[in-house]
There are 2 protein chains.
Amino acid sequence: MIRKYDAVGAKVIELIEDLEPGAAIPPERELCARFEVSRMTVRRAIDELVREGHLDRQHGRGTFVSRPKIAQPLTMTSFSEDMRRRGYVPGSRTLSVRRRPAGAQLAWRLEISPSAKVFEATRLRLADEQPMAIETLNLPLEIVPDLTADDLVNASLYELLESRYGIVLGSGRQTIEPTVTDETESELLGVPLHTPAFLFERTSRQTDGAAVEFVRSVYRGDRYQLVADLHPSRSMTPRTKR
Amino acid sequence: MIRKYDAVGAKVIELIEDLEPGAAIPPERELCARFEVSRMTVRRAIDELVREGHLDRQHGRGTFVSRPKIAQPLTMTSFSEDMRRRGYVPGSRTLSVRRRPAGAQLAWRLEISPSAKVFEATRLRLADEQPMAIETLNLPLEIVPDLTADDLVNASLYELLESRYGIVLGSGRQTIEPTVTDETESELLGVPLHTPAFLFERTSRQTDGAAVEFVRSVYRGDRYQLVADLHPSRSMTPRTKR
DNA sequence: AAGTGGTCTAGACCACGGC
DNA sequence: CCGTGGTCTAGACCACTTT
């Protein structure tokens with residue numbers, strides 16, 4: 001099923017790409033006419049783009065292309081996209097690539113047999129040429145049988161998963177803990193031993209729920225900070241039982 | 001302006017509170033009839049409750065009360081609500097309360113004059129009786145002139161702000177950094193010196209944009225972890241220019 | 001006053017799950 | 001098959017901003 005609001009959303013994204021941040025997009029009623037859909041459908045499409053941070057609505061004024069936000073950390077984006085949004089030029093240096101049996105821990109994370117092989121790659125991630133994070137990727141070899149180190153150099157892994165293997169990521173869960181760098185990490189990141197850092201662990205899944213990747217990243221705490229825009233949650237006020 | 005979908009949402013929340021997690025709520029069309037609104041309005045209300053994590057939709061089956069989620073950390077909730085969602089009994093011990101001039105840093109955070117007075121309270125936050133975090137609250141004294149230490153003991157600060165001062169929080173921005181505990185923090189939290197920890201800094205604003213509070217919290221990294229459910233963001237794929 | 005986004009209606013038909 | 005949520009329409013009126 002092709003949802004019209006997805007199609008409209010994609011067309012609006014095209015419009016946005018030719019506009020400067022802060023520029024207004026055409027009024028909703030004009031988009032209705034242009035795309036031959038109802039206003040509800042246009043609004044639904046724009047709603048999503050607003051939630052994703054591409055557009056800002058202003059009641060009575062119009063809808064505008066967002067200026068790049070500092071915030072918006074916890075949507076499922078790639079390192080590169082995250083860095084670009086923060087105003088850095090992303091880079092990457094592959095430290096090691098190997099194929100190995102998953103082992104107990106990783107098997108649990110990827111929901112495969114401990115003896116099943118995984119593709120493992122460790123990369124130093126750069127922002128403006130400076131080390132920002134160390135990232136270790138793990139994917140079941142079964143789903144990416146011919147993935148090589150070279151594949152990681154140029155293309156986005158996620159685009160590659162989609163184009164070569166037909167794998168589309170649908171959801172993920174990420175945990176974040178504070179930690180300090182150990183000797184190896186300190187050296188690679190160029191920071192003193194025991195510098196505060198973030199430890200991210202993420203499992204990404206296909207739309208059907210199958211685990212695709214487990215990523216463990218250590219981010220320098222002196223250069224990387226999470227920023228979240230908060231909105232009040234409905235309070236679900238506990239009341240005295242009747 | 002009273003928005004109907006807010007009213008409907010509140011009524012659905014009432015329904016939910018009398019149901020067990022996993023139970024189905026009435027079908028959308030029945031809610032339309034019961035509340036005398038259109039289906040769009042009911043859906044809009046339910047949409048928000050789903051986003052907030054109270055309900056789960058299942059196409060073709062129904063809409064169900066969510067089982068408590070571990071995740072969903074970065075919505076604007078109070079410490080107590082956050083702890084309850086994580087399955088702990090929240091507690092609090094007030095360490096100090098004072099009124100003092102804001103000073104340069106805090107003045108900048110709260111957007112007031114450096115000489116303006118602020119209400120400052122430092123609390124040890126407990127989960128199941130064990131220390132979890134140290135939290136320092138700052139509010140401009142001008143907007144909470146008669147706030148006392150006792151006020152913090154029983155009621156939720158946010159409920160108090162609303163009921164006594166008519167202040168409703170509308171938005172906020174929180175930054176999160178990794179850090180390690182210093183001597184004082186280690187002692188209060190009962191952890192070794194230089195234990196990894198989260199540093200949260202939050203500025204909350206009224207719906208009109210005026211800053212209401214600046215909160216600085218240090219959370220034990222050995223007991224507290226952030227969990228986020230991720231959803232793919234539209235990729236905004238960079239294309240070759242035409 | 002004109003133009004924008006925000007809310008709402010009363011329908012329609014489709015897709016999915018279970019009987 | 002039926003009942004559920006998912007999408008979509010063609011309008012209406014309201015609230016806000018700008019002229």
Side-chain angles (χ1 to χ4, degrees), chain A residues 1-12 15-16 19 22-67 170-171 207-209 231-232 234, chain B residues 1-12 15-16 19 22-67 168 170-171 206-209 231-232 234:
Chain A
M1 176 58 183
I2 331 118
R3 287 170 297 191
K4 283 202 185 177
Y5 65 76
D6 277 344
V8 171
K11 285 174 187 161
V12 174
L15 282 177
I16 289 175
L19 294 175
I25 66 168
E28 296 177 355
R29 289 163 180 83
E30 188 183 321
L31 294 175
C32 298
R34 188 184 304 190
F35 301 139
E36 296 181 299
V37 295
S38 78
R39 182 141 170 250
M40 270 286 324
T41 305
V42 165
R43 284 185 59 75
R44 169 86 191 243
I46 293 179
D47 280 347
E48 290 201 4
L49 295 174
V50 168
R51 264 199 297 279
E52 290 168 7
H54 298 307
L55 295 174
D56 285 316
R57 285 193 209 271
Q58 290 184 42
H59 193 166
R61 298 221 316 130
T63 302
F64 305 87
V65 180
S66 297
R67 298 170 197 290
S171 68
T207 40
D208 67 4
H231 303 282
R234 204 178 298 258
Chain B
M1 176 61 183
I2 328 118
R3 286 170 298 191
K4 283 202 185 177
Y5 65 75
D6 276 344
V8 171
K11 284 173 188 161
V12 174
L15 282 177
I16 289 174
L19 294 175
I25 66 168
E28 296 177 355
R29 290 162 179 84
E30 188 183 322
L31 294 175
C32 299
R34 189 184 304 189
F35 302 138
E36 297 181 300
V37 295
S38 78
R39 183 141 168 248
M40 269 284 324
T41 305
V42 165
R43 283 186 60 76
R44 168 89 190 239
I46 292 180
D47 280 347
E48 290 202 5
L49 294 175
V50 168
R51 264 199 297 280
E52 290 168 8
H54 298 307
L55 294 174
D56 285 317
R57 285 195 154 114
Q58 291 184 40
H59 193 166
R61 299 221 317 130
T63 303
F64 305 87
V65 180
S66 297
R67 299 171 196 288
V168 179
S171 67
Q206 227 160 327
T207 40
D208 66 3
H231 303 283
R234 200 180 301 259

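A quick note: this is a predicted structure, and the numbers were derived from the prediction, not measured. By convention in this document, chain letters (A, B, ...) are assigned in the order of the sequence lines, proteins followed by strands, and residues within each chain are numbered from 1.
Atom P of nucleotide C:dC14 and atom OH of A:Tyr5 are separated by 18 Å, given to the nearest angstrom. Rounded to whole Å, the distance from NE2 on B:His59 to C1' on C:dG18 is 13 Å. One atom, CG of B:Leu55, and another, P of D:dT4, lie 16 Å apart when rounded to the nearest Å. For the pair B:Lys4 NZ and C:dT9 C1', the interatomic distance rounds to 8 Å; values are reported in whole Å. When the C1' atom of D:dT9 is taken as reference, atom CZ of A:Arg43 falls 15 Å away, rounded to whole Å. Going from atom CG of A:Leu31 over to atom C1' of C:dG3 covers 15 Å, rounded to whole Å. Across the protein-nucleic acid pair, A:Asp56 atom CG and D:dT17 atom C1' stand 17 Å apart, rounded to whole Å. Here C:dC8 presents its P atom at 14 Å from CG of A:Asp47, a figure rounded to the nearest Å.
Checking side-chain atoms of A:Ser66 against main-chain N and O of A:Gly53 turns up a donor-acceptor pair under 3.5 Å.
Side-chain proximity of A:Arg39 to D:dT4, D:dA12, D:dC8: nearest is D:dA12. Out of D:dT7, C:dG5, C:dT9, the shortest distance to the side chain of A:Glu28 is found at C:dG5.
No donor-acceptor contact under 3.5 Å links the side chain of B:Arg44 to the base of C:dG6. Counting atom types as modelled, A:Arg61 pairs no side-chain N or O with a base atom of C:dG3 as donor and acceptor under 3.5 Å.
Note on A:Thr63: a side-chain N or O is less than 4.0 Å away from OP1 or OP2 of C:dG5. The phosphate of D:dT9 (OP1 or OP2) has a side-chain N or O of A:Thr41 nearer than 4.0 angstrom. Residue B:Ser38 has no polar side-chain atom (N or O) positioned under 4.0 Å from OP1 or OP2 of C:dG11. Phosphate proximity of D:dT7 to A:Arg3: present, with a side-chain N or O under 4.0 Å from OP1 or OP2.
Heavy-atom minimum distance, B:Leu15 versus B:Pro26: CD1-CD, 4.1 Å.
When each of B:Ile25 and A:Val42 is assigned the nucleotide of DNA chain D bearing its nearest heavy atom, the one mapping closer to the 5' terminus is B:Ile25. Where B:Arg29 and B:Met40 each meet DNA chain C at their nearest nucleotide, the meeting point lying more 5' is that of B:Met40.
Side-chain atoms of B:Leu55 and B:Ile16, non-hydrogen and from C-beta on, do get closer than 4.5 Å to each other. In this structure the side chain of A:Ile25 reaches within 4.5 angstrom of the side chain of A:Ile46, judged on heavy atoms.
Between A:Glu28 and A:Arg57, at least one side-chain N (NZ, or NE/NH1/NH2) sits under 4.0 Å from a carboxylate O, which counts as a salt bridge.
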